Every structure is written in structure tokens, then in C-alpha cells.
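First up is the structure itself, then whatever we jot down about it.
Both counts, for ligands and for their atoms, begin at 1 and track the order of listing. These figures come from a predicted structure and were not determined experimentally.
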Amino acid sequence: MKRDKIYLVGFMGAGKSSLAQALAHRLDWRAEDIDALIEEREHRSVSAIFVAHGEAYFRSLEREVLRDLLGLRHTVVATGGGTFADADNRATINADGTSIWLDLPFEGVLQRVPSDGSRPVAPDRASMAVLYGIRRVAYQQAHVRLDVSRTSVGELVEQVLDQLGF
Ligand code: S3P
């Protein structure tokens, strides 16, 4: 397990992007966000990419961006909710750094993620629930699991540092 790179994985709404920023700041590392890099590259939002080109195209961009980040060390990467669900991405991530699953109970997801179709893979509550169940099996393969349901970002930063022995 390589300790000079951290990947934050987990379902939509788990707080991957904000924890990546806070952790990188604390460690004096770099923070990268796969969704943000895709949006920069394509000059449009993730939702607009799904509408214009479909999910398969988005997933291929996600894989490319992940590969482009492999050279970086001392970096915290916020993945998208589906990145770690792909077996190849999962193997790549687990070989390149330490993966941390931000585990948020489904009730928390419902509070944080609007099920109004504004997120491409969350058209309604029922399909989000199905996806949540399927994805947990993948997230369980992360090196570290963090319960993020009742914890502030500041406390989570300290928990990660403890877990990784920093
Ligand atoms: C997705 C989650 C989103 C984004 C895209 C697909 C997913 O990222 O990558 O909408 O499949 O769960 P967040 O988890 O940052 O919302």
C-alpha cells in the first residue's frame, strides 16, 4: 500500500471533494478532483457530458483522467462516485496509492444528493438505492473505511492521518 498518494472513494454526497481539499492542505500535498478535471478537459459540466455523449463516453474520460494522474505523488485524489466501481480502475487505484472509502449511510445520501435528476446517475430515489447497494460491494475493497455520517471534515482529516500513521 503506497502511502504517498490517497484516493478518496465512495458514493455521491460522501464529501470526497471537500475532504480531498482539507487533507491536501493539512499534508501540504496537491489535491486533484477527477470530475473537475473531466469538466475542464471537456469545457462542460458532467451532466452536460452525459446528455451529449452518454455514460460510456464519460466513463472513458474518467479512465483517461485517472491514468493521467498516475505520475503524481503526494496527492489526494477525489474520485467520482462511479470511478472505484469499475474493476480496472479499482485495481489501478489500489496499486497506486491508499484508497479510503467515505462510507455514508443511505439516509445521509438522500439528505445531501437531490434525487431530482440533476445528477446524471441519480434520477430518482429507487434507482439511487439500487446503485448504492451494488456500489457498496466495490467500495468495500478500499484499503481503509471511514464512517463519515456524524463527523466534521476537520475530524475526518485527523482520522485519516491516524489511520495512515502520519
Ligand atoms: C457519478 C458520480 C459523480 C460524477 C458522475 C457519476 C456516479 O461524482 O462522477 O455524475 O456514477 O456515482 P460525485 O460522486 O462526486 O458526485
Atom 4 (C) of ligand 1: the protein heavy-atom neighbour that sits closest, reported with distance to 0.1 Å: Asp35 OD2, 3.3 Å
Between Tyr7 and Asp96, a side-chain donor and acceptor under 3.5 Å: yes
Nearest neighbour of atom 12 (O) of ligand 1 from the list Lys16, Glu39, Arg135, on a heavy-atom basis: Arg135
Numbered atoms and elements of ligand 1 in range of Pro120, under 4.0 angstrom, heavy atoms: 10 (O)
Tyr57 and Glu42: side chain donor to acceptor below 3.5 Å: yes
Whether Phe50 and Phe58 hold their rings parallel, tilted or perpendicular, with breakpoints at 30° and 60°: tilted
Distance filter under 4.0 Å to Val46 heavy atoms, resulting ligand 1 atoms: 5 (C), 10 (O)
Pair Asn89-Thr92, side-chain donor/acceptor within less than 3.5 Å: no
Atoms of ligand 1 close to Val121 [distance to a heavy atom under 4.0 angstrom, numbered from 1]: 1 (C), 7 (C), 11 (O), 12 (O)
Among Glu55, Arg119, Arg59, closest by any non-hydrogen atom to atom 11 (O) of ligand 1: Arg59
Residue-ligand contact Met128/ligand 1, heavy atom below 4.0 Å: no
From the candidates Gly10, Ala36, Gly81, the one that places a heavy atom nearest atom 2 (C) of ligand 1: Gly81
Check: Thr83/Glu62 side-chain N/O donor and acceptor closer than 3.5 Å: yes
Under 3.5 Å side-chain donor-acceptor pair for Glu155 and Ser152: yes
